[in-house]
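Step one of this worksheet: look at the structure below.
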Amino acid sequence: MKILVINCGSSSLKYQLINMENEQCLALGLVERIAAKGSILTQKVNGEKYIIEETMKNHTDAIKLVLAALVDRKHGVIKELNEIDAVGHRVVHGGEKYAKSVIINDGVMIGLDECTKLAPLHNPANIMGINACKKLMPNTQMVAVFDTAFHQTIPEVAYMYPLPYYLYTDYGIRKYGFHGTSHKYISVRAAKMMGRDIKDLKLITCHLGNGASVSAVKDGKSVETSMGFTPLEGLAMGTRCGSIDPAILIYIMKELNLTIDEANDLMNKESGFLGVSGVSSDFRDVESAAMNDGNKRAQLAIDIFCYGVKKFIGAYAAVMEGVDAIIFTAGLGENSPRTRARICKGLEFLGAVLDKTKNNAVGICAELSTDDSKIKILVIPTNEELVIARDTNALIK
Ligand code: AMP
């Protein structure tokens, strides 16, 4: 069984072809600058790169080239397209309608359209990818896997905002949460590493990348998460401000005479690491400015981020009335021992003790806590594509 996983952005597309017999990735690729000048596809097979530079007017052109790359005689990994048994599509927002992955049919396409108003920046690109695949592979089954679905188990007390109730009933305003496939993957993997049944575990999962979120996963179900109605809530991120006093928005819109779009950009594109440090949205640049140039604002941006993660760990330990493991993943979580150490410093009172030497693990699954630490601290490289492929495989069987 071979599953093609597609993750479409507005001008880019990531893909992986996964062999489900052994869950190995046969090929992965990235298409950039779709519908713009200089469109480029880069496919990697066993570390070897294959690059196609060709005009791509739209997502259909891009997926046409993806399929051509996969069956390419020299650089491809399959002979015929009918070797692809199904396609799994990442869809950012499934609203309350989709608490699980679904086989895509006409009814689901209408449902996805309805969810678009909740994620106007993301869902349209996901839908374009689905439509392109449907056109090019009309007889292949497709599945939609949602970033929000894993968090649909969050209880009402956690997902409701204390706003007038009709904003929920009439406008769908509530916490949805994102990075669901990642939080799910590392929870399942953590239980395996611990040799425990996930149904008996209280986990705090920290997805720390350019976008960042923390989740509380109890008995295998998400019960809290830091992102909210949109991915803006929660932690400070690369360019997002995370949670702030909502009155700040009204105040700055008035004082700076900002339009809605300008205010939106300020919070989503000009804040976080970039806004505080003034250096970059990329953590490595910010860290280098702090360490090598003694840049105080860069250090402050890092401190704000780590403080935020620690605060969520404390809060979620209280929410679950205990915690068995804290798990780090994504760009920073997987690769920055210094950040993990900063976050875990002082958590010994909870029973979470980081082992300085074990904490040097980078890019691998590893236990980072001391042997006698009551709470395990783990690092697990995320694999959202594999979750999408697994869900797709389970549904089409
Ligand atoms: P992601 O969104 O998961 O790809 O994560 C991207 C973020 O991880 C960026 O801010 C990177 O600077 C950060 N990152 C990636 N590798 C490292 C590393 N080796 N050390 C520190 N930060 C890293």
Side-chain angles (χ1 to χ4, degrees), residues 5 7-10 12-16 25 28-30 32 42 44 90 92 121-122 147 177-186 189 205-215 225-227 230-232 234-242 268-293 295 297-309 327-344 354 356 358-366 368 378-388:
V5 175
N7 179 356
C8 258
S10 55
S12 69
L13 181 168
K14 284 194 250 176
Y15 67 94
Q16 279 195 22
C25 170
L28 77 159
L30 171 68
E32 294 166 284
T42 310
K44 270 195 207 164
R90 175 194 181 213
V92 169
L121 298 178
H122 296 101
D147 272 23
F178 298 86
H179 291 143
T181 47
S182 179
H183 290 291
K184 180 177 172 180
Y185 176 78
I186 61 171
R189 192 82 177 75
T205 50
C206 308
H207 178 108
L208 311 180
N210 187 36
S213 66
V214 182
S215 287
T225 194
S226 59
M227 283 179 168
T230 72
L232 183 59
L235 295 166
M237 308 175 212
T239 57
R240 293 181 209 147
C241 60
N268 275 291
K269 298 184 183 162
E270 298 158 21
S271 299
F273 282 131
L274 176 66
V276 176
S277 72
V279 173
S280 165
S281 64
D282 191 285
F283 183 77
R284 281 165 293 195
D285 299 337
V286 179
E287 194 174 44
S288 156
M291 306 252 310
N292 304 329
D293 313 332
N295 185 321
R297 273 174 51 190
Q299 187 57 53
L300 178 62
I302 295 168
D303 290 345
I304 291 172
F305 177 75
C306 295
Y307 175 75
V309 179
I327 305 125
F328 290 100
T329 197
L332 268 154
E334 289 167 28
N335 300 302
S336 178
R338 210 175 284 126
T339 304
R340 294 190 303 237
R342 216 174 262 140
I343 292 166
C344 292
L354 196 70
K356 278 199 182 113
K358 287 191 200 164
N359 185 39
N360 289 326
V362 159
I364 54 163
C365 280
L368 310 175
L378 308 172
V379 55
I380 300 177
T382 195
N383 194 340
E384 292 167 278
E385 288 76 14
L386 187 54
V387 173
I388 296 172

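Values below: every heavy atom of this structure, side chains too, minus hydrogens, waters and symmetry copies. Counting starts at 1 for both ligands and their atoms, following the listed order.
Remark: Lys269 engages Asp265 in a salt bridge (Lys or Arg N to Asp or Glu O under 4.0 Å) (not counting sequence neighbours). Contacts of Phe283 classified as ring pair (Phe, Tyr, Trp, His ring centres under 6.0 Å), with partners at least two apart in sequence or in another chain: Phe273. Under the side-chain contact (heavy atoms from CB on, under 4.5 Å) criterion, Arg338 pairs with Glu287, Met291, Ser336, Arg342, sequence neighbours left out.
Here the CG-OG distance, from Asn383 to Ser182, works out to 9.5 Å after rounding to the nearest 0.5 Å.
A side-chain donor from one of His183 and Ser213 sits under 3.5 Å from a side-chain acceptor of the other.
Contact residues of ligand 1 (protein heavy atom closer than 4.0 angstrom to a ligand atom; sorted by chain and number): Gly209, Asn210, Asp282, Phe283, Arg284, Ala330, Gly331, Leu332, Asn335, Ser336.
With contacts defined as side-chain heavy-atom distances shorter than 4.5 Å, the pair Ile302/Val286 qualifies.
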